[in-house]
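Quick notes on the structure that follows.
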Amino acid sequence: LFDAINCLAKENVRLLVLGRKHMLMNSSNWKREIMKEMQNKADFFFAENISEDDAFLLYATLRSGKHCKFVTRDFLRDHKACLSDSLTRHLFRKWQRGHQIVFSPSVEGKHIRFSPAFRYDCVVQTTGDTWHIPYKDTFEEKYSYQVPRKWLCIQQK
């Protein structure tokens, strides 16, 4: 968390960290001086320790406007499963791809890499006589925020 906050704070973006109240207790996992340093770089909201924090995450992201992005390791599958119909689930996945920033620590653990949210929808796109079709070379299980990175460009002559 410390490294992620430091990395994002360098980009001069406003940060809200959603955590739980146990983070405020000085412990081996949450050192008081490190928490204070992080709180100087980001706003924090501490929910009750037994709370479901996903609801806070979704509300804060939606309430903050369409420019807002969120970072979590959660794939929000439970929330998609609760949606009543396939159109709503499709819209949720589309919204998630456009707003979720995915991070992964480096192998050495020295820095964090962020994959940005997508600025485009990963569906067939057409312009006049040209089509752009997303595809994958091999079938593999993917998470809802992962989309094909390859596009096939077809132009009618």
Side-chain angles (χ1 to χ4, degrees), residues 1-123 134-150:
L1 180 62
F2 181 76
D3 293 337
I5 289 172
N6 283 333
C7 183
L8 291 169
K10 289 176 186 172
E11 296 178 19
N12 266 348
V13 295
R14 186 166 183 206
L15 301 173
L16 171 63
V17 177
L18 300 174
R20 293 204 172 102
K21 290 185 176 178
H22 69 85
M23 295 167 67
L24 294 170
M25 302 297 176
N26 197 26
S27 68
S28 59
N29 290 332
W30 305 106
K31 300 283 186 210
R32 185 165 282 129
E33 55 277 355
I34 292 175
M35 284 300 295
K36 291 229 183 276
E37 189 176 336
M38 289 190 296
Q39 287 175 305
N40 288 333
K41 296 177 181 180
D43 294 313
F44 276 73
F45 175 80
F46 296 101
E48 294 299 325
N49 291 330
I50 59 170
S51 71
E52 295 289 334
D53 56 356
D54 291 350
F56 292 106
L57 169 81
L58 293 170
Y59 177 77
T61 305
L62 289 166
R63 184 71 175 100
S64 296
K66 59 184 173 182
H67 69 282
C68 186
K69 307 293 187 233
F70 67 93
V71 179
T72 181
R73 288 185 286 202
D74 193 321
F75 303 123
L76 306 175
R77 289 185 206 111
D78 293 344
H79 301 285
K80 284 184 282 250
C82 291
L83 298 172
S84 60
D85 60 89
S86 61
L87 177 60
T88 307
R89 285 188 295 275
H90 170 75
L91 290 173
F92 183 86
R93 280 192 300 270
K94 183 177 175 178
W95 174 84
Q96 183 182 8
R97 281 192 304 263
H99 291 83
Q100 186 171 6
I101 297 171
V102 180
F103 77 96
S104 55
S106 68
V107 177
E108 318 82 52
K110 296 189 187 223
H111 64 278
I112 293 177
R113 184 180 65 82
F114 287 95
S115 298
F118 292 101
R119 295 181 182 197
Y120 55 85
D121 196 8
C122 190
V123 295
Y135 78 97
K136 294 190 305 184
D137 290 331
T138 58
F139 177 78
E140 58 195 32
E141 194 69 30
K142 68 179 179 65
Y143 298 111
S144 59
Y145 62 82
Q146 294 174 314
V147 295
R149 297 282 183 179
K150 295 181 178 179

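The basis for the numbers below is simple: all heavy atoms, side chains too, and nothing from hydrogens, waters or symmetry mates.
The salt bridge (Lys or Arg N to Asp or Glu O under 4.0 Å) search around D54 returns none, not counting sequence neighbours. Partners of E48 by salt bridge (Lys or Arg N to Asp or Glu O under 4.0 Å), not counting sequence neighbours, listed by chain and number: K21. In this view, R20 and D53 satisfy the salt bridge (Lys or Arg N to Asp or Glu O under 4.0 Å) rule, not counting sequence neighbours. In terms of the side chain to side chain contact (heavy atoms under 4.5 Å, CB included) criterion, residue partners of A47 (sequence neighbours excluded) are, by chain and number, F45, S51, F56. With sequence neighbours excluded, the residues satisfying ring-ring contact (aromatic ring centres under 6.0 Å, His included) with F46 are F44. With sequence neighbours excluded, no residue forms a side chain to side chain contact (heavy atoms under 4.5 Å, CB included) with I50. Every residue two or more places apart in sequence or in another chain was checked for a side chain to side chain donor-acceptor pair (under 3.5 Å) with S64, and none qualifies. Legend: residues meeting salt bridge (Lys or Arg N to Asp or Glu O under 4.0 Å) with R14, ordered by chain and number and at least two apart, are D43.
The distance from atom CZ of R77 to atom CD of Q96, rounded to the nearest 0.5 Å, is 9.5 Å. The CG atom of L16 lies 13.0 Å from the CZ atom of F70; values are rounded to the nearest 0.5 Å. For the atom pair CZ (R93) and CG (L76), the distance works out to 12.5 Å, reported to the nearest 0.5 Å. Between atom NE2 of residue H67 and atom OG1 of residue T61 there is a gap of 10.0 Å, rounded to the nearest 0.5 Å.
The number of heavy-atom neighbours closer than 6.0 Å to CZ of F2, taken from other residues, nucleotides and ligands shown, is above 12.
In this structure, Q100 contributes its side chain and F75 its backbone to no donor-acceptor pair below 3.5 Å. Here the side chain of H99 pairs a donor or acceptor atom with the backbone of K66 at under 3.5 angstrom.
You'll find the side chain of Y59 stays beyond 4.5 Å of the side chain of L18, heavy atoms only. Looking only at side-chain heavy atoms (C-beta outward), L91 and L83 stay at 4.5 Å or farther from each other. Taking the side chain as every heavy atom from C-beta outward, D74 and H79 never approach each other to under 4.5 Å.
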Determine whether K69 and V13 satisfy the following criterion, side chain to side chain contact (heavy atoms under 4.5 Å, CB included), listing intermediate values before the conclusion.
CA-CA 10 Å; K69 307 293 187 233; V13 295; over 6 Å; no

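Each of V71, I5, L8 was evaluated against V17; a single residue qualifies, I5, per the side-chain contact (heavy atoms from CB on, under 4.5 Å) test.
Residue pairs meeting the side chain to side chain donor-acceptor pair (under 3.5 Å) criterion with at least one member in residues 29-41, sequence neighbours excluded, are N6-K41.
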